[in-house]
Amino acid sequence: MGAVVFRLALLLVVVLGSLSDLAEWPASVKIGTLLALNSTAGHTGMVAIQMAVEDINIRNSSFLNGTKLEIITANSNCSAFQGAASAMRLFEQNVVAIAGPQASVVAHFVAHMAAATQVPLVSASATDPTLSEYQFPFFLRLARSDRMQMEAVAGIISVYGWREVVAIYSDDDYGTNGIDTLGDALVGFGASIVFKAALDPAIDRTGISKILAGVAQMGTRIFVVHLQPAMGLTLFSEAYLLRMLDKGYVWIATEAIISTLDTIYLDSNYVQATQGVIGTRSYVPKSPQLEAFATRWKKIAEEEGSGLIYSQYNAYDLYAYDSIWMIAYAVRKFLLNRGNFSFVSPTGFQANSGGGSDLAKLKILLEGQALLEDFLETSFEGVSGLVQLDKRGDPSDSAFQIVNMVGKGLRTVGYWTNATGCSTVEPGTNGSIKSDEQKLEDVIWPGGAVRVPRGWMVPKNGRPLVIGVPNKQGYKEFVDTALGPDNATVFHGFCIDVFQAALSYLPYTVPYSFQLYGNGTSTPSYDELVQKVVNKEYDAVVGDITITTKRAKIVDFTQPYTTSGLVVVVPLKKGATNHAWAFMRPFTPAMWFTTGAFFLFTGVVMWLLEHKKNRDFRGRPKKQVVTTLWFSFSTLFFAQREDVKSTLGRAVLIIWLFVVLIINSSYTASLTSILTVQQLMPTIQNIAGLVASNVPIGYQAGSFVEEYLLQLNVPRDRLVPLDSLSAYTAALQKGPKSGGVGAIVDELPYVQLFLSSECDFTIAGQQFTKSGWGFAFQKGSQLAIDMSTAILTLAENGELQRIHDTWLNGYDCGSQKVQIDSNELGLGTFWGLFLITGTASIICLFVYYTKMLLRYRRILKAQKEECSSPDNSIQDNSRRSSSFLRSFVTYVEESEVPKKHRNSSLKKKEGGGTGSSRREEDRSPDNNGGCSSSEAT
Ligand code: GLY
């Protein structure tokens with residue numbers, strides 16, 4: 001029983017508590033709306049607001065515990081002043097929040113008032129990026145900031161690689177601040193706004209037309225239009241009349257205009273005038289809430305008939321609807337947590353600065369800061385997707401849809417989010433991640449073009465381009481002039497032909513006139529010529545202009561149309577081999593010495609191995625020396641006549657003959673080369689040798705080569721400027737000692753031309769720099785980009801090579817100018833061979849003497865056994881111990897020429913010179929009874 005009473009008491013407390021809570025909730029909360037009610041956007045925004053109010057007050061009345069949103073409507077009429085006046089009336093009526101303002105121009109003024117009164121503003125359509133500044137803490141918005149939108153626009157521009165755009169915008173806070181952020185965003189993609197056409201917000205059709213006619217004269221064909229819808233549509237209809245929606249043009253419109261393009265009320269003239277326009281609009285994900293909203297919207301549109309409502313709502317309508325819900329969420333949170341709202345008069349403000357004005361009397365929402373925090377903490381799924389703000393009061397997430405006006409409506413060609421950039425994948429789906437390749441679906445461009453417009457044309461009102469060409473004394477193959485039939489100067493040459501061929505590949509005509517730079521008697525400075533482009537005296541320079549870092553910093557070069565690079569040209573070293581000792585040149589001295597030493601060494605080895613058993617290597621010492629030398633050196637011609645008896649001797653000889661064969665053939669080949677090819681060897685081998693020498697160096701006058709050589713620390717007094725190829729020949733022929741030059745440093749194309757007719761000179765060493773020739777245009781020139789593409793086309797289809805062959809074919813002496821780095825063959829090439837033959841000889845000697853030693857020991861043992869008398873024994877022992885080595889040497893020295901051979905030899909040598917042979921045979925151990933062979937000698 002007690003428990004039941006306790007429970008009832010508890011229930012009563014809860015019910016009473018709830019009732020007391022409910023009792024604290026006000027019957028209504030005043031909310032202001034600040035829209036330009038006479039504009040289409042203001043009207044549709046108001047419809048959306050009313051839908052939301054109806055939902056909160058009637059359909060979901062429990063959401064605010066029965067508290068009603070009391071809407072106080074004010075008309076801002078798209079004017080800052082009128083907007084401020086209307087806003088003041090709202091503040092005077094103690095509204096706790098305002099849905100609006102609609103336009104950025106109004107928002108700026110009102111945001112200051114909101115900061116003073118601490119009443120939050122929630123705008124559905126003010127997009128000016130500066131409204132996110134901390135100076136406007138009470139300005140909140142569901143519309144996406146133009147900072148984000150302009151990043152999306154810059155993303156589109158980068159997808160197509162455009163570099164220059166013209167911005168057309170309204171000259172107010174909305175337009176100016178939006179376009180400023182576009183400029184910032186483009187910098188990141190290497191693009192820029194080349195012209196800003198700011199339209200007076202009060203401009204009329206004629207004014208717009210005049211401005212359009214002006215920008216049409218410019219080269220840029222990419223227009224970004226950031227205007228309010230009405231002015232935007234007028235602009236397009238005027239542009240259409242001026243044929244500025246033809247092929248080649250690109251029009252990118254921002255959301256204010258895009259949001260009106262697929263509405264059924266759009267006049268068919270506007271539909272026609274906006275074909276091919278692309279643009280951005282806020283991305284709204286599909287959701288059940290959105291579907292329900294769309295159904296209701298359609299119903300309202302049908303009920304309204306031919307009013308301003310059309311069946312297709314836009315993102316701003318959705319934001320307007322969600323802004324009321326956001327206010328409702330924040331109010332509910334506030335009422336739940338903090339009780340009712342209260343307003344106080346700003347006494348300090350009034351006293352100090354406001355005087356007695358109405359503005360100064362505006363009351364402050366005492367809990368405004370707390371309410372603002374409730375706004376910033378609010379998060380819900382609205383009809384426009386997730387509604388959530390960041391600390392600056394901007395939507396926490398911004399995604400844009402990229403659309404293309406085709407027929408009567410907009411087709412989606414891609415999406416942009418901060419995280420993914422431009423992509424064809426819908427945000428939030430699988431695959432919506434940033435990829436390196438930023439892309440969009442195919443777009444139908446103005447004029448029905450399907451090819452991406454290049455975005456640039458030669459200015460219509462422009463004078464013909466003035467193109468400077470170098471006028472030199474020589475090198476006429478590159479740039480030359482002649483008198484035409486009507487006495488007009490005609491330009492031709494390799495560089496001119498390449499330029500004209502490239503121009504023919506541009507999809508537009510470029511009027512131009514060439515202007516000679518230089519007097520034709522000396523070569524003008526190329527750096528000065530390029531500087532004239534920077535000074536805007538020339539629009540471009542065409543000729544043999546080398547692309548150097550210094551020049552590339554001040555002008556834009558096309559792709560190189562020919563490769564270039566510096567080389568050293570020197571006279572050929574003719575007659576260098578016509579001296580008496582030329583035959584020595586194939587080998588280095590070390591090689592000669594080593595080869596000679598090995599001949600002697602091999603001869604000695606052969607003698608050692610052979611002279612015991614081979615009669616040819618025996619005889620008097622002098623004869624043996626002569627035989628050995630003769631044998632050894634005759635192997636050079638494989639003409640040795642002495643028989644080789646021993647196996648070891650044959651092994652040594654065969655290896656040696658192999659080595660001789662290689663040395664022989666190498667010598668022959670090297671000598672042949674010296675007497676033919678190497679006659680053409682240059683006097684200086686490369687740039688390093690040239691710089692290190694002190695010979696004067698010739699270079700083409702006016703060329704960058706002078707500066708290059710100075711950078712290599714070549715003293716200026718060694719540099720000799722030369723004006724023509726004939727001056728090259730004369731200077732090189734004179735040589736350094738007679739006032740000429742020892743070498744010329746120049747670029748390969750000139751040198752090739754020079755060598756095609758001059759065969760007494762050659763290129764020393766390798767090309768030591770790499771660069772190319774290009775045409776120079778003013779920085780940022782679109783023509784430079786288009787010409788680069790055209791040059792690539794020329795290169796790919798072979799036309800560039802054909803032009804080259806027409807002007808620069810030749811190089812007749814080229815085949816002779818083979819460079820050989822080293823003249824002489826050295827030990828480095830042959831040491832392996834010497835190692836083989838040396839090692840083989842030493843091994844054979846070792847084997848031979850080991851065998852001899854063993855044999856000798858056996859003989860000594862046998863003799864010891866035979867002659868074992870005590871006297872002999874004593875005598876032998878002392879002898880052996882004192883002269884074993886001598887007796888071994890004697891043994892080795894002793895002849896073992898076989899008898900048969902000896903007899904035949906004796907017969908052969910009978911009658912003369914045989915005394916020594918006989919004496920040797922007498923000394924043989926076989927003939928002296930064995931015991932006293934050593935003594936007998
Ligand atoms: N081709 C010479 C120079 O550009 O300096």
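Residue numbers start at 1 and run along the sequence shown. Bear in mind that the values here come from a model prediction, so they are computed numbers and not experimental data. Start at 1 and go down the list; that is how both ligands and their atoms are numbered. Values reported hereafter were calculated over all heavy atoms of this structure, with side chains retained and with hydrogens, waters and symmetry mates removed.
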request  = Could you tell me which atoms of ligand 1, counted from 1 in the order shown, lie closer than 4.0 angstrom to a heavy atom of Asp544?
outcome  = 1 (N), 2 (C), 4 (O)
request  = Measure Tyr750 to ligand 1 on non-hydrogen atoms and call it side chain, backbone, both or neither using the 4.0 Å cut-off.
outcome  = side chain
query = Closer than 4.0 angstrom: is that true for some heavy atom of Arg551 and an atom of ligand 1?
reply = yes
ask   = With a 4.0 Å cut-off, would you call Lys196 and Asp180 a salt bridge?
value = yes
key: Pairs flagged by ring-ring contact (aromatic ring centres under 6.0 Å, His included) wherever residues 524-548 is involved - sequence neighbours left out   = none
inquiry  = Below a 4.0 angstrom heavy-atom separation, can you tell me which part of Phe704, side chain or backbone, both or neither, approaches ligand 1?
reply    = both
query = Hey, is the main chain of Gly178 close enough, under 3.5 Å, to the side chain of Thr181 for a donor-acceptor pair?
reply = yes
Which residues share a ring pair (Phe, Tyr, Trp, His ring centres under 6.0 Å) with Tyr169, sequence neighbours left out = none
ask   = Is there at least one pair of N or O atoms, one from Ile545 and one from ligand 1, spaced under 3.5 Å apart?
value = no
inquiry  = For atom 2 (C) of ligand 1, what is the closest protein heavy atom, and at what distance to 0.1 Å?
reply    = Glu747 OE2, 3.3 Å
Atom NZ of Lys734: over 12 foreign heavy atoms under 6.0 Å = no
